[in-house]
Q: 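Have a look at this one before I ask anything.
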Amino acid sequence: KKYNMIIKYFLCSVLSSIIDFAILYVLKGVFDEIVVANTISIIVSSIFHYIVTSNYVFKVKKNIYSIVIYVVTFFIGLSIQNFVIWATYTKLFVTLIENDMILTLLSKVLSLGASFIITYMLRKFLNARLKKKEQRVK
């Protein structure tokens, strides 16, 4: 029970990431810039993620306050992901890994990991405060 919340968040994130990966691989063939394809894939998968984590993890009402929390932490996570994917794909691993599919996958996994940890902690903290506020209003 102690880790129930993070396990649910992780499972929602995994499902969202599968959606994210699929869209990234499709759009990578459409756009020349990996950051553009990555940004679009993150936006689409994040809409799904917001809905499922609001319902099953944080159990907050879907209202303007929970949307603001999600959007603010989304942009923090997006910045983290785009920086990590750019750094690993174009600078860190580009000379070490010749296979583009593996390079993309590794870069994406690292960017998701960094973003996951930071956004989970922020959302947990902010949603707990929101839930407290909602309970006081009742």
Side-chain angles (χ1 to χ4, degrees):
K1 285 200 174 213
K2 181 179 179 182
Y3 300 107
N4 195 22
M5 185 182 245
I6 196 166
I7 290 168
K8 285 182 183 179
Y9 187 84
F10 177 76
L11 293 174
C12 292
S13 296
V14 167
L15 189 53
S16 179
S17 295
I18 291 168
I19 294 167
D20 188 356
F21 274 88
I23 294 169
L24 175 64
Y25 276 104
V26 169
L27 293 181
K28 217 168 110 344
V30 175
F31 297 101
D32 291 334
E33 250 328 293
I34 192 168
V35 173
V36 173
N38 189 58
T39 301
I40 294 168
S41 70
I42 290 170
I43 290 169
V44 173
S45 65
S46 291
I47 292 168
F48 168 80
H49 192 259
Y50 166 73
I51 294 167
V52 295
T53 58
S54 293
N55 288 338
Y56 301 111
V57 179
F58 302 116
K59 297 179 181 166
V60 292
K61 295 176 184 170
K62 288 183 279 309
N63 58 30
I64 191 67
Y65 301 111
S66 67
I67 291 171
V68 167
I69 288 170
Y70 195 88
V71 168
V72 167
T73 57
F74 165 81
F75 281 110
I76 292 168
L78 178 63
S79 299
I80 292 165
Q81 282 196 47
N82 278 338
F83 173 75
V84 172
I85 203 168
W86 169 81
T88 56
Y89 186 86
T90 64
K91 304 292 181 200
L92 188 61
F93 297 126
V94 70
T95 57
L96 301 173
I97 301 170
E98 291 184 23
N99 184 304
D100 187 65
M101 186 176 232
I102 294 172
L103 177 61
T104 300
L105 180 64
L106 180 60
S107 297
K108 185 66 175 176
V109 166
L110 291 174
S111 74
L112 285 171
S115 176
F116 174 85
I117 293 165
I118 294 167
T119 57
Y120 171 75
M121 292 183 329
L122 284 171
R123 287 176 179 158
K124 181 179 177 184
F125 173 76
L126 294 171
N127 280 309
R129 290 187 59 138
L130 176 59
K131 223 172 164 180
K132 250 185 183 176
K133 181 181 174 188
E134 288 173 349
Q135 289 171 348
R136 278 186 286 197
V137 172
K138 288 182 180 180

Q: Counting only N and O atoms by type, is there a donor-acceptor contact under 3.5 Å from the side chain of Ser66 to the main-chain atoms of Lys61?
A: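 Pair found, side chain donor or acceptor close to backbone of Lys61.
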
Q: Please name the pair of heavy atoms, one in Lys59 and one in Lys131, separated by the smallest distance, quoted to 0.1 Å.
A: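 Closest approach of Lys59 to Lys131, heavy atoms only: O-CE, 3.7 Å.
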
Q: Can you check whether Ile40 reaches Phe31 side chain to side chain, under 4.5 Å on heavy atoms?
A: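 The answer is yes; the side chains approach within 4.5 Å.
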
Q: Could you state the interatomic distance from OG1 (Thr88) to CZ (Phe83), rounded to the nearest 0.5 Å?
A: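 Thr88 atom OG1 to Phe83 atom CZ measures 9.5 Å (nearest 0.5 Å).
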
Q: Between Met101 and Tyr25, does the side chain to side chain contact (heavy atoms under 4.5 Å, CB included) criterion hold? Intermediate values first, please.
A: CA-CA 9 Å; Met101 186 176 232; Tyr25 276 104; 3.9 Å; yes

Q: Consider only side-chain heavy atoms of I, L, V, M, F, W and Y, link residues closer than 4.5 Å, and tell whether Tyr65 and Phe75 are in one cluster.
A: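 In one cluster: no.
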
Q: Below 4.5 Å, heavy atoms only, C-beta onward: do Ile23 and Ser45 meet side chain to side chain?
A: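 In short, these two side chains do not touch, never coming nearer than 4.5 Å.
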
Q: Output the distance between atom OH (Tyr120) and atom SG (Cys12), rounded to the nearest 0.5 Å.
A: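 It is 11.5 Å, given to the nearest 0.5 Å.
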
Q: Test of understanding: clusters of I, L, V, M, F, W, Y form through side-chain heavy atoms closer than 4.5 Å, transitively. Do Val36 and Leu112 belong to the same one?
A: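 No.
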
Q: Among Phe74, Tyr70, Tyr56, whose ring-ring contact (aromatic ring centres under 6.0 Å, His included) with Tyr50 holds?
A: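 Testing Tyr50 for a ring-ring contact (aromatic ring centres under 6.0 Å, His included) against Phe74, Tyr70, Tyr56 leaves exactly one candidate, Tyr70.
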
Q: So for atom CG, which belongs to Asn99, do other residues, nucleotides or ligands contribute more than 12 heavy atoms lying within a distance under 6.0 Å?
A: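 Yes, CG of Asn99 has more than 12 neighbouring heavy atoms, counting only those of other groups under 6.0 Å.
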
Q: Mind listing the closest non-hydrogen atom pair of Thr119 and Ser115 along with its distance?
A: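 So the two residues come closest at OG1-O, 2.7 Å.
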
Q: May I ask you to decide if the ring planes of His49 and Tyr9 are parallel, tilted or perpendicular, using 30° and 60° as cut-offs?
A: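 Plane angle over 60°, so perpendicular.
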
Q: What I'd like to find out is whether the side chain of Leu15 reaches to under 4.5 Å of the side chain of Val52, using heavy atoms alone.
A: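 Not in contact.
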
Q: Classify the side-chain pair Asp100/Tyr89 by whether it contains a donor and acceptor separated by less than 3.5 Å.
A: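 The criterion, which ignores hydrogens and geometry beyond distance, is satisfied for Tyr89 and Asp100.
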
Q: Is Ile67 reachable from Ile51 through a run of I, L, V, M, F, W or Y residues, each pair having side-chain heavy atoms under 4.5 Å apart?
A: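 Shared cluster, yes.
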
Q: Give the intermediate values and the outcome of side chain to side chain contact (heavy atoms under 4.5 Å, CB included) for residues Glu33 and Trp86.
A: CA-CA 10 Å; Glu33 250 328 293; Trp86 169 81; 5.8 Å; no

Q: I need the Thr104 OG1 to Asn38 CG distance, nearest 0.5 Å.
A: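 Thr104 atom OG1 to Asn38 atom CG measures 10.0 Å (nearest 0.5 Å).
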
Q: Once rounded to the nearest 0.5 Å, what's the spacing between atom NZ of Lys108 and atom CZ of Phe21?
A: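 Going from the NZ atom of Lys108 to the CZ atom of Phe21 covers 6.5 Å.
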
Q: Could you grab the distance from atom CD of Glu134 to atom CG of Asn127, nearest 0.5 Å is fine?
A: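 If I round to the nearest 0.5 Å, the distance is 8.5 Å.
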
Q: Using a 3.5 Å distance criterion without hydrogens, assess whether the side chain of Asp20 forms a donor-acceptor pair with backbone atoms of Ser16.
A: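 No, the answer is negative, given that no donor and acceptor are paired below the 3.5 Å cut-off.
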
Q: When you group the ILVMFWY residues by side-chain heavy-atom contacts below 4.5 Å and let the links chain together, are Met121 and Ile7 in the same group?
A: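 Looking at the clustering, Met121 is in the same group as Ile7.
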
Q: Give, for atom CD1 of Ile42 and atom CG of Leu78, the distance between the pair rounded to the nearest 0.5 Å.
A: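 Rounded to the nearest 0.5 Å, the CD1-CG separation comes to 5.0 Å.
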
Q: How close do Ile76 and Ile118 get, counting heavy atoms only, and between which atoms?
A: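 Closest approach of Ile76 to Ile118, heavy atoms only: CG2-CG2, 4.5 Å.
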
Q: Assess whether atom NZ of Lys28 is packed by more than 12 heavy atoms of other residues, nucleotides or ligands within 6.0 Å.
A: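 Counting neighbours around NZ of Lys28, more than 12 heavy atoms of other residues, nucleotides or ligands fall under 6.0 Å, so yes.
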
Q: Given the rule that I, L, V, M, F, W and Y join up when any side-chain heavy atoms are under 4.5 Å apart, are Val26 and Ile34 in one cluster?
A: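 Different hydrophobic clusters.
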
